[in-house]
Asker: 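First the structure, then my questions, so here it is.
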Amino acid sequence: MTDSDLLELEVGPVGHGGFCVARHEGLVVFVRHALPGELVRARVTEETRTYLRADAVEILRPSPDRVEAPCPFAGPGRCGGCDWQHAAPAAQRALKADVVAEQLKRLAGIDRPVHVEEVPVPAVYTEDGEPLSSGPGLGWRTRVQFAVDPQGSVGLRKHRSHELEYVDECLIAHPGVEMIGIERKRWSGASSVEGITSAATGDRLVVVSEPKGRRGKPVQVPQLDVPVRLVKPERKGPPQQQREGRRPVVPFVREEAAGRLWQVTGSGFWQVHPGAADTLVAAVLEALQPKQGEIALDLYCGVGLFAGVLGERVGAGGLVVGVEAGGQAVRDAKFNLRDLPQVSVEQGKVEEVLAALEFGQSQGRSTAAAQAKRGGAAGHRGGSRVRGADITVLDPPRAGAGEKVVDEIARRTNRKIAYVSCDPATLARDLKYFSARGWVLETLRAFDLFPNTSHVECVASLVRG
């Protein structure tokens, strides 16, 4: 069978990863650009002994949820950044809800209905006060990484491919990213260019990378359409910082969420949807219900978003220990939370720092709190001696926490756990691990923070069974 073969398929349910499931001659077929219930002709793009991948190239019986994709670069064989531009926004959320529910049931044995909540994108206006209109599910992505070919032309990767789809505009990119004009410039010597904007403060940053081991001419940065901060590679030492006279321009953007300003350096992690940070903070606070004087853990804490809001809630008599592996993120977190002495941020792998944490009790305060004041809560082994943490929030990468981390959290948390996840499969797997250790799922909320893509963000709360 070659890529040019067309299969007529009755499309079945949605699958995890931006496709639907069909069958052909006993083989499972993962079909992109289709919707459940449709009859399509599909071109095979990958063949194995047990399954096929295919793109729907002709719709013989369309779903009532089908719409025309707003982006001219979307479709079979085109840009791989979006999965569901051919589905109405409400239908996209229903598809994502089905995926989350299926993953929970299949991987964790949890059977419950799921509703994916819409998160509005704040309106953006020109300097003259005119609205920059975007359609539903467009104009939200505040961080976009573009690939660059050897000739310096810019594009986005095609699905499951290193090939580029050359674009002059990305419709899901925030207007602040599009104002930079990255796609319409030539970037000689670069391998990728990331455009970053803060929807709240208007800060803009461009991060340029070059191929590994490159020893030719340095990257040629073109004249951009608006002022930006720039991070580009140097052959020696750390990334270059532009200078205004003698004063270095620090390569960060300021974000605003939960009533505070947050410094995020370079390509450091921050939620890409403008409404995501406040939405997730509210969901985590609702899940944990933090109290004055409590001890809290914020694992995979990044630049300190959850640690900050938990620090304010537990007050001066409480303690929050944030754990993060990335050195720059830890430095940002310590800067962001410098006004909260009850918050300690530790650098290291979560499982290693957790294993080293020791909570004790001394005159109403934990020994971890006393040690945090001396410069770190990690360092003593032996486990929780008296009370452990009252509450824990974790926001791991897409790979999830894993059994070792779950085991440490389950042993060291007394009251409630909030799990923030960008992947329902690894969330379900880890919920099964928690269940085996006596923790049960109390509530689950899901948010559409990545419209037109297959991604969905969940916040699960767990209590001891």
Side-chain angles (χ1 to χ4, degrees), residues 1-69 71-88 91-108 114 116 147 155-167 172 398-400 422-429 450-456:
M1 187 177 293
T2 66
D3 285 355
S4 63
D5 291 330
L6 295 182
L7 309 178
E8 187 169 302
L9 301 171
E10 286 275 358
V11 181
V14 64
H16 177 34
F19 55 81
C20 294
V21 180
R23 292 190 176 273
H24 176 75
E25 296 181 352
L27 291 177
V28 173
V29 187
F30 303 129
V31 191
R32 284 176 57 82
H33 310 291
L35 293 173
E38 291 187 328
L39 178 66
V40 305
R41 286 196 179 97
R43 177 177 291 113
V44 174
T45 58
E46 182 181 341
E47 183 177 3
T48 75
R49 293 175 60 185
T50 56
Y51 67 86
L52 305 174
R53 296 187 187 275
D55 286 344
V57 295
E58 185 179 357
I59 311 302
L60 304 177
R61 187 182 65 231
S63 164
D65 293 323
R66 177 171 285 275
V67 298
E68 184 176 352
C71 178
F73 306 108
R78 306 295 301 275
C79 175
C82 293
D83 306 291
W84 298 120
Q85 285 210 11
H86 56 285
Q92 293 183 29
R93 294 191 291 274
L95 291 170
K96 296 180 186 188
D98 288 345
V99 168
V100 176
E102 189 273 337
Q103 296 292 303
L104 289 175
K105 185 173 183 179
R106 183 171 63 87
L107 298 177
V114 176
V116 175
L156 294 166
R157 301 286 184 192
K158 297 181 179 181
H159 181 64
R160 296 177 64 85
S161 172
H162 292 293
E163 292 185 25
L164 297 190
E165 178 72 28
Y166 296 100
V167 300
I172 66 171
R398 193 168 300 280
C422 60
D423 189 294
T426 55
L427 171 64
R429 178 204 66 196
F450 312 93
N452 285 308
T453 79
S454 61
H455 303 297
V456 59

Asker: Quick check: closest heavy atoms across Val11 and Leu35, and the distance to 0.1 Å?
Answerer: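 Answer, listing the atom of Val11 first, then Leu35: CG1-O, 3.3 Å.
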Asker: Does the side chain of Val99 reach to within under 4.5 Å of the side chain of Pro424, using non-hydrogen atoms?
Answerer: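 Yes, their side chains come closer than 4.5 Å.
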Asker: Quick one: does Lys96's side chain have a donor or acceptor within less than 3.5 Å of a partner on Val116's backbone?
Answerer: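 No, because the side chain of Lys96 does not come within donor-acceptor range (under 3.5 Å) of the backbone of Val116.
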Asker: Pick one: which of Asp83, Asp65, Asn452, Thr453 meets side-chain hydrogen bond (donor to acceptor under 3.5 Å, both in side chains) with Gln92?
Answerer: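 Result: among Asp83, Asp65, Asn452, Thr453, Asn452 is the only option passing the side-chain hydrogen bond (donor to acceptor under 3.5 Å, both in side chains) with Gln92.
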Asker: Just so I know, are the side chains of Trp84 and Leu95 near enough to count as touching, which here means a heavy-atom distance under 4.5 Å?
Answerer: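 Answer yes - side chains close enough.
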Asker: Strictly below 4.0 Å, N to O, side chains only: are Arg66 and Glu38 in salt-bridge contact?
Answerer: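 A salt bridge links Arg66 with Glu38.
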Asker: How are the rings of Phe19 and Phe30 set relative to one another: parallel (under 30°), tilted (30 to 60°) or perpendicular (over 60°)?
Answerer: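 It falls in the tilted class, 30° to 60°.
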Asker: Within a strict 4.5 Å, meaning less than it, do heavy atoms of the Leu164 and Arg157 side chains meet?
Answerer: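 Result yes, sub-4.5 Å side-chain heavy-atom pair found.
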Asker: Verify the neighbour count for atom CD of Glu58: are there more than 12 heavy atoms of other residues, nucleotides or ligands below 6.0 Å?
Answerer: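 It does: Glu58 CD has more than 12 such atoms within range.
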Asker: So Ile172 and Cys82, do their side chains get closer than 4.5 Å, heavy atoms only?
Answerer: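 In short, these two side chains touch, coming nearer than 4.5 Å.
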Asker: Apply side chain to side chain contact (heavy atoms under 4.5 Å, CB included) to the pair Arg398 and Thr426, showing each step before the final yes or no.
Answerer: CA-CA 7 Å; Arg398 193 168 300 280; Thr426 55; 5.6 Å; no
Asker: Does some side-chain heavy atom of Lys158 sit less than 4.5 Å from a side-chain heavy atom of Arg78?
Answerer: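 When only atoms from C-beta onward are counted, Lys158 and Arg78 do not touch, as no gap falls below 4.5 Å.
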Asker: Please round to the nearest 0.5 Å and tell me the distance separating atom SG of Cys71 and atom NE2 of His86.
Answerer: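 That separation rounds to 13.5 Å.
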Asker: Nearest 0.5 Å, what's the CG-CG distance between Leu52 and Leu27?
Answerer: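 Those atoms lie 5.0 Å apart.
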Asker: Hey, is the main chain of Gly37 close enough, under 3.5 Å, to the side chain of Arg61 for a donor-acceptor pair?
Answerer: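 A pair under 3.5 Å: yes.
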Asker: Kindly compute the distance separating SG (Cys79) from CD (Gln85), expressed to the nearest 0.5 Å.
Answerer: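 Atom-to-atom, Cys79:SG and Gln85:CD are 8.0 Å apart.
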Asker: Considering only heavy atoms from C-beta outward, does the side chain of Pro36 approach that of Cys20 to under 4.5 Å?
Answerer: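 Yes; the side chains approach each other to less than 4.5 Å.
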Asker: State, with a plain yes or no, whether a side-chain heavy atom of Glu8 is found less than 4.5 Å away from one of Val40.
Answerer: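 When only atoms from C-beta onward are counted, Val40 and Glu8 do not touch, as no gap falls below 4.5 Å.
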Asker: Quick check against the 3.5 Å criterion: does His33 have a side-chain atom that pairs as donor or acceptor with the backbone of Val57?
Answerer: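 A pair under 3.5 Å: no.
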Asker: Output the distance between atom CZ (Arg32) and atom NE2 (His159), rounded to the nearest 0.5 Å.
Answerer: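 With rounding to 0.5 Å, CZ (Arg32) is 4.0 Å from NE2 (His159).
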Asker: Less than 4.5 Å apart, side chain to side chain, heavy atoms only: is that true for Val100 and Leu427?
Answerer: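 Val100 vs Leu427: side chains apart.
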Asker: Of Val29, Val44, Val31, which is the lone residue that meets side-chain contact (heavy atoms from CB on, under 4.5 Å) with His24?
Answerer: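 Exactly one candidate clears the test, Val29.
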Asker: Charged N to carboxylate O under 4.0 angstrom, Glu46 versus Arg160?
Answerer: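 A salt bridge links Glu46 with Arg160.
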Asker: When rounded to the nearest 0.5 angstrom, what distance separates OG in Ser454 from CG in Asp423?
Answerer: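 So the gap between those two atoms works out to 9.0 Å.
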Asker: What is the distance from atom CZ of Arg53 to atom OG1 of Thr45, rounded to the nearest 0.5 Å?
Answerer: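 Here the interatomic distance stands at 7.5 Å.
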Asker: Any Lys/Arg nitrogen of Glu10 or Arg23 sitting under 4.0 Å from an Asp/Glu carboxylate oxygen of the other?
Answerer: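 A salt bridge is absent here (no side-chain N lies under 4.0 Å from a carboxylate O).
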